[in-house]
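In what follows, a single structure is set out as structure tokens and then discussed.
Values below: all heavy atoms of this structure, side chains included; hydrogens, waters and symmetry mates excluded. Each chain gets a letter, A, B and so on, in the order the sequences are listed, and its residues count up from 1.
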Amino acid sequence: KAGVTQTPRYLIKTRGQQVTLSCSPISGHRSVSWYQQTPGQGLQFLFEYFSETQRNKGNFPGRFSGRQFSNSRSEMNVSTLELGDSALYLCASSLEGRGFHEQFFGPGTRLTVL
Amino acid sequence: AQSVTQLDSHVSVSEGTPVLLRCNYSSSYSPSLFWYVQHPNKGLQLLLKYTSAATLVKGINGFEAEFKKSETSFHLTKPSAHMSDAAEYFCVVSELDRGSTLGRLYFGRGTQLTVWP
């Protein structure tokens with residue numbers, strides 16, 4: 001079974017631009033969660049989608065948004081990029097996002113904002 | 001509220017010696033607990049998970065962890081370290097099925113394990 005895939009793997013953008021990251025979950029998984037990883041803040045939860053609906057959201061500004069498609073693939077978008085948005089963005093999928101369901105992580109997208 | 005504290009940001013051991021990575025958690029509800037490992041430039045890989053079954057949990061690559069409710073701890077151990085174990089390890093807590101927690105994991109700050117030859 002194929003794992004979680006994320007595209008692109010690396011991105012370089014400049015301040016003020018916007019960016020879209022993509023995540024394809026494991027086949028059959030309906031929950032997709034997004035995390036931001038930085039040296040200073042560690043791993044922080046962005047949001048979770050299930051059946052095309054955002055069920056849960058972390059404490060990030062409205063510049064961070066996402067969506068999920070009917071095939072469970074998910075995208076996240078960051079508008080008006082800031083230098084502090086430079087991070088590794090990780091996507092994870094699980095069967096239903098319940099507490100006992102393990103999450104399977106993709107390799108991440110490394111975003112650099114100049 | 002949920003939180004995870006990894007007591008050591010760095011641990012160094014010699015190859016062949018035991019490994020102990022410490023983790024304490026707080027959770028308002030019955031938690032699920034996980035240990036994930038992250039090798040450089042790689043995603044997170046699940047080592048093991050506790051979901052209210054046996055308190056001693058065995059994982060991959062010889063790792064195990066013991067859930068101690070009275071101490072709110074979930075320490076990760078391995079009897080004999082290998083060079084390939086060098087990586088960053090994350091203790092993670094998840095809660096059961098409350099709306100505000102669905103799909104959400106709470107991560108510790110990580111412990112960087114160095115293994116000397």
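The aromatic ring centroids of Y36(B) and F105(A) lie less than 6.0 Å from each other.
Neither L7(B) nor V13(B) shares a network with the other; the hydrophobic side chains, linked directly or stepwise wherever heavy atoms of I, L, V, M, F, W or Y lie under 4.5 Å apart, form separate groups for each. With hydrophobic clusters built from ILVMFWY side chains whose heavy atoms lie under 4.5 angstrom apart, L21(B) shares a cluster with L47(B). Linking Ile, Leu, Val, Met, Phe, Trp and Tyr whenever their side-chain heavy atoms come within less than 4.5 Å leaves V92(B) and L95(A) in two separate clusters. Note: the hydrophobic cluster containing L111(A) also contains L83(A) (ILVMFWY, side chain heavy atoms under 4.5 Å, direct or indirect links). If you chain together hydrophobic residues whose side chains sit under 4.5 Å apart, L56(B) and F63(B) never meet in one group.
With a 4.5 Å cut-off on non-hydrogen atoms, Q45(B) does not touch chain A at all. Only the backbone of Q41(A) comes within less than 4.5 Å of a heavy atom of chain B; no side-chain atom from C-beta onward does. Contacts of L44(B) with chain A are made by both backbone and side-chain atoms, with heavy-atom separations under 4.5 Å. Contacts between L88(A) and chain B at a heavy-atom distance below 4.5 Å involve the side chain alone, from C-beta outward.
Y35(A) is listed as a side-chain neighbour of L105(B), based on a closest heavy-atom distance under 4.5 Å. Taking 4.5 Å as the limit, every side-chain heavy atom of E102(A) sits out of range of all side-chain heavy atoms of L48(B).
The two residues F90(B) and L43(A) make their nearest non-hydrogen contact at CE2-CD1, 3.7 Å. The two residues R104(B) and Q103(A) make their nearest non-hydrogen contact at N-NE2, 4.1 Å.
Ranking A92(A), P107(A), G108(A) against chain B, the residue ahead of the rest is P107(A), based on heavy-atom pairs under 4.5 Å.
Other residues, nucleotides and ligands contribute at most 12 non-hydrogen atoms within 6.0 Å of the CZ atom of R15(A). By the 6.0 Å contact criterion, CG on N71(A) is enclosed, its count of non-hydrogen atoms from other residues, nucleotides or ligands being greater than 12.
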